[in-house]
Amino acid sequence: QVQLVESGGGLVQAGGSLRLSCEASGITFSNYAMGWFRQAPYKEREFVTVISWGGSNTFYADSVKGRFTTSRDNTKDTVYLQMNSLKPEDTAVYYCAADDAVATMLNGDAPDYWGQGTQVTVSS
């Protein structure tokens, strides 16, 4: 059974930082690209970032470029999202996702697996 379990969400003031983690089980983690998506209230889920299997390639949505950084530790089956300079518009439920192709998440197609999400709230 595949599980992606996010943690690290919470309430932070604008300008602050949070670090999200997503631990995977039930998959060969190093064979999967790992992505982060988010869904704000009354909005569609949107792509945030994706990292390739070995971590050498990363892609970001324009809205988070320069503020968010994704990384992974294949020895711990965990992917991270470091979020700095947070803004109220970053408030959303953040979801971790896994797929065997980076392109799947870049193209807006549904990845193979989703986490349950973690709430991030940025106050002004």
Side-chain angles (χ1 to χ4, degrees):
Q1 181 183 0
V2 177
Q3 283 193 307
L4 302 178
V5 180
E6 300 98 334
S7 61
L11 174 65
V12 64
Q13 289 189 331
S17 298
L18 280 176
R19 188 194 196 204
L20 306 184
S21 300
C22 171
E23 184 174 4
S25 60
I27 59 172
T28 303
F29 184 73
S30 58
N31 288 350
Y32 283 81
M34 299 298 297
W36 290 94
F37 293 74
R38 66 186 182 186
Q39 187 167 19
Y42 312 111
K43 293 188 177 180
E44 292 188 354
R45 191 175 301 189
E46 65 175 1
F47 168 81
V48 175
T49 181
V50 62
I51 185 167
S52 60
W53 317 280
S56 57
N57 294 305
T58 56
F59 302 89
Y60 296 90
D62 287 343
S63 58
V64 306
K65 205 170 289 184
R67 300 186 298 122
F68 290 11
T69 303
T70 188
S71 61
R72 64 190 295 160
D73 185 341
N74 286 351
T75 67
K76 296 181 178 179
D77 293 351
T78 300
V79 62
Y80 304 98
L81 181 63
Q82 178 66 44
M83 304 185 294
N84 298 329
S85 302
L86 283 160
K87 305 175 181 180
E89 51 264 44
D90 294 318
T91 295
V93 177
Y94 283 72
Y95 297 90
C96 173
D99 197 272
D100 60 4
V102 168
T104 298
M105 290 182 263
L106 288 177
N107 292 339
D109 295 324
D112 291 336
Y113 305 107
W114 290 102
Q116 84 289 348
T118 186
Q119 177 70 47
V120 171
T121 303
V122 184
S123 63
S124 57

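All of these numbers come straight from a predicted model, not from anything done at the bench. Residues: numbered from 1 along the sequence shown. Hydrogens, waters and symmetry mates are skipped; everything else that's a heavy atom, side chains included, is used.
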So, R72 side chain and F29 main chain: donor-acceptor pair closer than 3.5 Å or not? yes

Interatomic distance, CG@D73 vs OG@S30, rounded to 0.5 Å, equals 11.5 Å

Is it true that M34 and V120 fall in one hydrophobic cluster, defined by side-chain heavy atoms closer than 4.5 Å? yes

Note: A101 and A33 closest approach over all heavy atoms is C-CB, 4.1 Å

With T104, which of D109, D99, D112 fulfils side chain to side chain donor-acceptor pair (under 3.5 Å)? D99

Value for CZ (R45) from OH (Y95), rounded to nearest 0.5 Å, stands at 5.0 Å

Do I51 and W114 land in one hydrophobic cluster if side-chain heavy atoms of ILVMFWY residues count as linked below 4.5 Å? no

side-chain contact (heavy atoms from CB on, under 4.5 Å), that's the test. Do Y60 and T70 meet it? Break it down for me. CA-CA 9 Å; Y60 296 90; T70 188; 3.6 Å; yes

Rounded to the nearest 0.5 Å, the CD atom of Q116 sits from the CD atom of Q3 at a distance of 8.5 Å

Which atom pair, heavy atoms only, marks the closest approach of K76 to T78? O-OG1, 2.8 Å

Are V79 and L18 connected in the hydrophobic side-chain network, where two residues link if heavy atoms are under 4.5 Å apart? yes

Between V64 and L81, is there shared hydrophobic-cluster membership here, with clusters defined by ILVMFWY side-chain heavy atoms closer than 4.5 Å? yes

Taking all atoms of both residues into account, what is the closest heavy-atom pair of P111 and A98, and its distance? CB-O, 3.6 Å

Hey, what do you get for OG1 (T91) to CD (Q119), rounding to the nearest 0.5 Å? 7.0 Å

Salt bridge (Lys or Arg N to Asp or Glu O under 4.0 Å) partners of residues 22-37, not counting sequence neighbours, each pair once: none

Once you measure the plane-to-plane angle for F47 and F37, does it fall in the parallel (<30°), tilted (30-60°) or perpendicular (>60°) bin? perpendicular

From CD (Q13) to OG (S124), nearest 0.5 Å: 9.5 Å

Do D62 and K65 meet the salt-bridge criterion of a basic N to acidic O distance under 4.0 Å? yes

Measure the spacing between CZ of R38 and CG of L20 and express it to the nearest 0.5 Å. 11.0 Å

side-chain contact (heavy atoms from CB on, under 4.5 Å) between M83 and D90, worked out: CA-CA 9 Å; M83 304 185 294; D90 294 318; over 6 Å; no

Quick one: does T49's side chain have a donor or acceptor within less than 3.5 Å of a partner on F59's backbone? yes

Examine L4 and M105 and state if one hydrophobic cluster contains both, with Ile, Leu, Val, Met, Phe, Trp and Tyr joined whenever side-chain heavy atoms are less than 4.5 Å apart. no

Would C96 and W36 count as a side-chain contact (heavy atoms from CB on, under 4.5 Å) if you check the C-alpha gap in whole Å, the side-chain angles of each, and the deciding distance to 0.1 Å? CA-CA 5 Å; C96 173; W36 290 94; 4.1 Å; yes

Whether the side chain of W53 engages the backbone of D100 through a donor-acceptor N/O pair (distance < 3.5 Å, no angle test) should be reported. yes

How about K43: does its NZ atom have over 12 heavy atoms from other parts shown lying under 6.0 Å from it? no

